[in-house]
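Here's the structure, in structure tokens; my notes come after.
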Amino acid sequence: MCGVIGMVAKSPVNQALYDGLTVLQHRGQDAAGIITFDRGRLHLRKDNGLVRDVFSADDMLQLQGNMGIGHCRYPTAGCSSSAESQPFYVNSPYGISLAHNGNLTNAEAIKRDLFLEDLRHINTRSDSEILLNVFAHQLSEMGKLRINEADIFSAISGIHERCRGGYAAVAMINGYGIVGFRDPNGIRPLCFGKRETEAGIEYMIASESVALNVIGFELIRDVAPGEAVFIDSDGHLHTQQCAVAPRLAPCIFEYVYLARPDSMLDDVAVYKSRLRMGRMLAQKIKREWANHDIDVVIPIPDTSRTSALDLANELNLTYREGFIKNRYIGRTFIMPGQAVRKKSVRQKLNPIELEFRGKNVLLLDDSIVRGTTSEQIIRMTREVGANKVYFASAAPPVRYPNVYGIDMPAAQELLAHGRDVEQIRQAIGADHMIYQDLDDLVEAVREGNSNIREFDCSCFDGRYVTGDISADYLLDLEAQRSEQTRTPQVMSAAVNDLGRIHS
């Protein structure tokens with residue numbers, strides 16, 4: 001996942017965009033960038049690194065203008081090249097910049113068509129550059145010297161017709177304004193808000209509502225699936241539905257792990273949804289493990305704290321903070337490279353021995369993806385004297401690749417792929433293992449907004465809401481992004497297993 005932000009204001013936007021990106025830093029720690037427009041000139045700064053490291057005081061002074069967009073990136077395809085830092089820019093037509101969160105599932109086909117039919121060259125491996133060039137081509141087809149909001153909305157409609165997958169993007173058109181748009185299934189989040197100043201109303205578009213809140217913007221609402229929100233350079237807001245058959249099917253993993261707890265996504269409070277996840281899991285423990293001997297519930301920081309608190313309350317158990325987190329180590333799930341992830345776990349978490357020694361401990365994590373962190377944490381827990389170590393997940397087993405912008409593409413890298421719960425327990429070394437049921441997870445989130453009829457739960461159930469994901473596609477993705485070489489026999493087994501998803 002990545003974080004995107006865009007703003008049209010009555011005064012310079014550089015500081016607001018910077019502050020917004022720092023709040024969205026959890027969505028990507030690999031690279032960051034801001035581009036602004038001022039009196040016919042563009043000002044761009046982007047590079048690898050955290051927001052605070054990419055932008056110096058001199059950089060901020062150069063980012064002049066009352067209009068701009070920003071991006072914080074993590075490498076969906078496992079590549080951390082600075083050449084793929086965003087925003088991207090194309091000069092024709094009009095001069096367009098774009099920042100994108102998500103993944104196009106038909107990127108290779110579009111890239112081929114862009115070259116053969118639209119005569120456009122793609123210079124990176126990023127599908128964000130592809131999305132930008134599709135938008136640019138759709139606008140160039142207007143054949144106009146000057147465009148208006150209707151033309152922009154028509155171009156977004158063209159994007160929806162050509163592009164498949166999950167995407168939320170902000171784009172800046174030089175001299176015209178900023179447009180934000182979301183895929184027709186609403187898989188990746190996007191919202192917009194406003195604030196009133198003495199000079200007039202200012203608007204901001206962002207991946208999560210928390211980016212609006214901290215800068216003093218009032219959340220208006222989420223961008224609807226397939227909708228485009230255009231803020232012209234004079235500060236006027238225009239919205240239009242641009243998809244033929246939109247439906248809301250947001251990624252449920254946003255609520256489990258990706259989003260900040262103080263955000264609202266599609267009218268659901270992320271914090272409240274995680275409390276309900278803990279309550280639902282506690283009720284499952286009551287049903288299936290009524291004679292448990294748990295002494296204490298300890299969350300694996302940070303995301304699981306909220307769920308662990310309500311789980312402990314529901315079971316009338318003691319809740320304790322048992323791990324101290326080093327704030328200067330990034331989220332291990334986002335780190336490119338399994339070797340880096342393995343090394344970082346011991347640097348990131350340090351156990352408080354007094355909370356473990358002689359106790360039967362239930363460790364709760366928000367989810368288990370590769371299992372590397374879980375195994376090492378269980379080992380640490382035993383080393384500081386825990387009597388028994390039980391492990392729980394606030395989410396169901398992650399068994400299938402995600403293709404909509406989360407870096408877990410290779411099925412063979414997923415701990416739960418091809419394993420039952422007992423085999424998972426043995427693999428991570430726990431004394432007991434319990435997972436959230438998918439129906440309970442869906443209910444925990446939907447309780448916040450009953451109008452959400454479905455979610456993308458593909459990493460749990462293998463059902464991809466765009467309907468265009470085949471076993472061959474997943475195998476190709478695995479071959480491109482896998483961190484280890486696989487034998488033909490293993491690859492063949494993966495094809496057979498993934499093929500059963502669609503049978």
Side-chain angles (χ1 to χ4, degrees), residues 1 26 251-259 273-274 277-278 280-282 284-285 288-289 294 297-308 311 322-323 325 330-335 338 340-342 344-346 348-349 351 361-382 386 388-402 406-442 444-445 457-462 483 497:
M1 72 282 188
H26 62 285
C251 174
I252 204 164
F253 210 72
E254 290 277 356
Y255 301 91
V256 170
Y257 174 81
L258 301 182
S273 72
R274 290 177 184 167
M277 290 175 205
M280 295 284 193
L281 187 57
K284 181 177 181 179
I285 292 174
E288 299 184 2
W289 193 19
I294 302 168
V297 175
I298 294 178
I300 297 172
D302 285 317
T303 320
S304 62
R305 282 192 171 112
T306 310
S307 297
L311 182 145
F323 296 99
K325 185 174 182 180
R331 299 174 93 177
T332 54
F333 179 76
I334 303 177
M335 290 182 178
Q338 185 75 350
V340 179
R341 276 188 290 270
K342 286 182 177 179
S344 69
V345 174
R346 289 303 290 251
K348 185 176 74 168
L349 296 176
V361 179
L362 176 65
L363 300 178
L364 178 67
D365 208 347
D366 49 77
S367 59
I368 306 171
V369 180
R370 293 172 174 90
T372 306
T373 302
S374 306
E375 182 182 1
Q376 293 191 43
I377 287 175
I378 289 171
R379 189 180 303 120
M380 279 194 291
T381 303
R382 295 195 190 281
K388 293 182 180 179
V389 184
Y390 307 130
F391 209 91
S393 169
V398 178
R399 300 189 187 280
Y400 304 101
N402 181 282
I406 305 174
D407 187 23
M408 46 180 174
Q412 301 301 322
E413 294 174 11
L414 303 175
L415 175 66
H417 180 74
R419 291 187 175 102
D420 60 25
V421 175
E422 174 58 21
Q423 291 170 324
I424 295 169
R425 181 196 68 77
Q426 294 176 10
I428 65 175
D431 293 303
H432 188 80
M433 183 81 206
I434 189 162
Y435 275 100
Q436 184 89 261
D437 290 335
L438 182 55
D439 288 345
D440 287 342
L441 174 62
V442 169
V445 181
C457 304
S458 54
C459 58
F460 304 123
D461 62 10
E483 295 174 347
D497 187 49

Is a side-chain N or O of Gln436 found less than 3.5 angstrom from the main chain of Ala394, in a donor-acceptor match?
yes
Looking at CG of Leu415 and OG1 of Thr372, how far apart are the two atoms once the value is rounded to the nearest 0.5 Å?
8.5 Å
With a 4.5 Å heavy-atom cut-off, do Val361 and Lys388 have their side chains touching?
no
Grab the two heavy atoms, one from Pro301 and one from Ser304, that are nearest each other, plus how far apart they are.
N-OG, 4.4 Å
Cys457 and Phe253: CA distance, side-chain angles, deciding distance, side-chain contact (heavy atoms from CB on, under 4.5 Å) verdict:
CA-CA 7 Å; Cys457 304; Phe253 210 72; over 6 Å; no
Is the shortest side-chain heavy-atom distance between Leu258 and Ile406 below 4.5 Å?
yes
Residue list, ring pair (Phe, Tyr, Trp, His ring centres under 6.0 Å) with Phe460, at least two apart or on another chain
none
Just by distance, do the side chain of Gln423 and the backbone of Asp420 share a donor-acceptor pair under 3.5 Å?
yes
According to side-chain hydrogen bond (donor to acceptor under 3.5 Å, both in side chains), who are the partners of Tyr435, at least two apart in sequence or on a separate chain?
none
Taking the side chain as everything from C-beta on, heavy atoms only, tell me whether Met277 gets closer than 4.5 Å to Val445.
yes
Once rounded to the nearest 0.5 Å, what's the spacing between atom CD of Glu422 and atom NE2 of His432?
9.5 Å
Quick one: NE2 on His417 to CZ on Arg399, what's the gap to the nearest 0.5 Å?
10.0 Å
Smallest separation among heavy atoms of Ser393 and Ser367, with atom names:
OG-CA, 3.5 Å
What's the verdict on side-chain contact (heavy atoms from CB on, under 4.5 Å) for Phe323 and Thr381, showing C-alpha distance, side-chain angles and the deciding distance?
CA-CA 10 Å; Phe323 296 99; Thr381 303; 3.8 Å; yes
Regarding Asp440 and Lys284, does a basic nitrogen lie under 4.0 Å from an acidic carboxylate oxygen?
no
Less than 4.5 Å apart, any side-chain heavy atom of Ile377 and any of Leu349?
yes
Heavy-atom nearest pair, Ser458 first then Asn402, reads OG-ND2, 4.3 Å
Do Leu311 and Ile285 have side chains that get closer than 4.5 Å, going by heavy atoms?
yes
Nearest atoms (heavy-atom pairs only) where Leu414 meets Pro401:
CD1-N, 3.9 Å
What's the verdict on side-chain contact (heavy atoms from CB on, under 4.5 Å) for Ile300 and Leu364, showing C-alpha distance, side-chain angles and the deciding distance?
CA-CA 6 Å; Ile300 297 172; Leu364 178 67; over 6 Å; no
Note, Leu438 side chain near Pro396 side chain (heavy atom, < 4.5 Å)
yes
Atom pair CG (Leu363) and CD1 (Ile298), whose distance is rounded to the nearest 0.5 Å
6.5 Å
SB check Asp431 Arg382 (cutoff 4.0 Å)
yes
Value for CG (Asp437) from CD (Glu288), rounded to nearest 0.5 Å, stands at 6.5 Å
How close do Gly462 and Tyr400 get, counting heavy atoms only, and between which atoms?
N-CD1, 3.2 Å
Rounding to 0.5 Å, atoms CG (Leu441) and CD1 (Ile252) come to a distance of 3.5 Å
Within the structure provided, determine whether Arg274 and Thr303 are in side-chain contact (heavy-atom separation under 4.5 Å).
yes
Which pair of non-hydrogen atoms, one from Ala416 and one from Val398, has the smallest distance, and what is that distance?
CB-O, 3.4 Å
Would you call Phe391 and Arg425 a side-chain contact if the rule is heavy atoms closer than 4.5 Å?
no
Could you go through Ile368 and Met433, starting from their C-alpha distance and side-chain angles, then the distance that decides it, and tell me whether this counts as side-chain contact (heavy atoms from CB on, under 4.5 Å)?
CA-CA 11 Å; Ile368 306 171; Met433 183 81 206; 3.3 Å; yes
